[in-house]
J.: 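Okay, handing you the structure first.
One is the number of the first residue; the rest follow in order along the sequence. Every number for a ligand or one of its atoms is a count from 1 in the order of the listing.
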Amino acid sequence: MEALNPEDFLKRLSDHREAFWEKMTAERKSYGAEKPLSPEIILRRLQFGVVMERKAAEVSAPWVSHLPELELQHCLSEYVANELKHASILRKRIAELNGDPDVLWKNPLAELRQLWDFHAALGSFCELFASVQYGHEEFFPRTSKSFIERVEPIDPQTASIYRDTLLADEAGHEWLAPEILKRYATNAGTQARCLEALQMGCELFGRAIQSFNRTLPA
Ligand SMILES: [Fe+2]
Ligand SMILES: [Fe+2]
C-alpha cells in the first residue's frame with residue numbers, strides 16, 4: 001500500500017470508526033446499554049468513567065517526550081492533566097454518593113484490562129492516537145449525551161458534571177489527534193499500523209462496553 005495523503009488517511013480511519021459505531025449502536029439495546037438508570041447504575045457508570053479517564057491519561061503521558069514539537073508536547077500535557085482532573089471529579093462525585101471510587105480501578109473487568117493493556121503496549125504515539133483519541137474517545141460525547149438526558153431528572157449534579165466539565169473539555173482537545181496523525185503518520189507502514197490499532201482498539205472497546213453493561217444490576 002502506498003502512503004495516503006493526510007485527508008484520505010484520516011478518512012480511512014474515521015470510516016472504520018463510524019462503521020464500528022453503527023454496529024455498536026445497533027447492538028446497544030441487546031446488552032442493556034439503554035436500561036433505565038437507578039442509583040446503583042449511575043454509581044457503576046461513574047466508576048467506569050474513573051478507569052477510562054485515568055487510563056487515557058496514563059497511556060498518553062509517556063509519549064509527551066516523544067513528540068518532536070514543543071507546542072504539541074504542551075497540548076498533550078494539558079490533555080493528560082484534563083483526563084486526570086476528570087478522573088478526580090468523578091471520584092469525588094462517587095464519594096458524595098457513598099460509593100467506592102476505585103472499585104473498578106482495583107478490580108477491572110477482564111475486557112477493560114485487555115483494552116488498556118493493548119494501548120499501553122502500542123509502539124508509537126501515532127498508533128495510540130489513532131486508537132484512543134481518534135478512535136473510541138470520539139464515541140464519548142455521543143454516549144454521554146444519552147446518559148445526560150437520562151440522568152438529568154434523577155441526579156442533576158451528575159448530569160452537570162458530564163455536560164459542563166467532561167464534555168466541555170473534550171471539545172477543547174478533539175483537534176489534537178487529527179493534527180498529530182496528519183503531521184506524523186505520513187508513511188505507508190505507519191498508516192497501516194494506525195489503522196490496525198484503531199480496528200483492534202474499537203473491537204476491544206466494544207467488548208469492554210458490552211461486558212460492563214452485562215454486569216450492571218437488573
Ligand atoms: Fe475526559
Ligand atoms: Fe477525553
J.: Among the N, O or S atoms that E53 has, which is closest to the Fe ion (ligand 1)?
T.: OE1
J.: Do the side chains of R193 and E196 get close enough for a salt bridge, i.e. N-O under 4.0 angstrom?
T.: no
J.: Could you identify the N, O or S atom of H86 positioned closest to the Fe ion (ligand 1)?
T.: ND1
J.: Quick check on the Fe ion (ligand 2): does D169 put an N/O/S atom closer than 2.8 Å to it?
T.: no
J.: Flag the pair E96 and K92 as a salt bridge only when some basic side-chain nitrogen lies within less than 4.0 angstrom of an acidic carboxylate oxygen.
T.: yes
J.: Is it the case that the ring center of H173 lies less than 6.0 angstrom away from the ring center of Y79?
T.: yes
J.: Measuring from the Fe ion (ligand 2), name the closest N, O or S atom belonging to E83.
T.: OE2
J.: For the rings on F48 and F212, is their centre-to-centre separation under 6.0 Å?
T.: yes
